[in-house]
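Notes follow the structure.
This one's a predicted model, so the numbers in the text were calculated from it and none came from an experiment.
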Amino acid sequence: MELADRAVGLLLSVISLSIFTYYTLWVIILPFVDSDHFVHKYFLSQEYAILIPVYAGVALICFLSVFIGYVMLKSKKKKA
């Protein structure tokens, strides 16, 4: 089981590092590259650099709110 946990941890680390690198290049480096350069075809438009994290944050807050509400309701039923 320990080997499977380490493999999952490594996979999550690689995915997180890839997303961080892509986003960093997209937001910090790409504005300084000429707009007709071929590298621009590998990235979305700049407005998505703000919209995607905002929507992900809102979805996370909604999920956490529903989860906390569910746990509170469940613990209230156990006490009664």
Side-chain angles (χ1 to χ4, degrees):
M1 187 66 151
E2 185 179 322
L3 183 61
D5 291 341
R6 294 183 86 183
V8 169
L10 178 65
L11 180 66
L12 289 174
S13 297
V14 167
I15 290 171
S16 298
L17 186 61
S18 299
I19 291 171
F20 176 76
T21 304
Y22 179 84
Y23 188 78
T24 301
L25 288 172
W26 183 23
V27 173
I28 296 175
I29 304 297
L30 201 63
F32 298 107
V33 177
D34 291 334
S35 60
D36 59 345
H37 199 269
F38 75 94
V39 78
H40 279 276
K41 69 179 180 179
Y42 297 111
F43 296 93
L44 293 173
S45 177
Q46 285 292 324
E47 66 250 7
Y48 291 113
I50 300 299
L51 291 177
I52 291 172
V54 166
Y55 285 138
V58 168
L60 179 67
I61 289 172
C62 290
F63 172 75
L64 289 175
S65 299
V66 169
F67 177 74
I68 290 171
Y70 174 74
V71 169
M72 288 174 65
L73 287 173
K74 192 173 179 182
S75 67
K76 189 175 182 181
K77 286 181 184 179
K78 282 185 179 181
K79 289 181 182 180

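- Within the model, atoms CD of E47 and CD1 of I52 stand 10.0 Å from one another, a figure rounded to the nearest 0.5 Å.
- A distance-only check finds a donor-acceptor pair linking the side chain of H40 to the backbone of D34 [under 3.5 Å].
- When hydrophobic clusters are built by joining Ile, Leu, Val, Met, Phe, Trp and Tyr residues whose side-chain heavy atoms come closer than 4.5 Å, directly or via intermediates, I29 is grouped together with F38.
- Hydrophobic clustering of Ile, Leu, Val, Met, Phe, Trp and Tyr side chains at less than 4.5 Å, counting indirect connections, keeps L73 apart from V71.
- Put simply, L30 and Y42 are part of the same group of oily side chains (I, L, V, M, F, W, Y) that touch within less than 4.5 Å, one to the next.
- Two different hydrophobic clusters hold I28 and I19 under the rule that ILVMFWY side chains link at heavy-atom gaps under 4.5 Å.
- Criterion: ILVMFWY side-chain heavy atoms under 4.5 Å apart, direct or through other members. Under it, L12 and L17 are not part of a common hydrophobic cluster.
- Listed by first then second residue, pairs satisfying side-chain hydrogen bond (donor to acceptor under 3.5 Å, both in side chains) with a partner in residues 7-33 number zero, not counting sequence neighbours.
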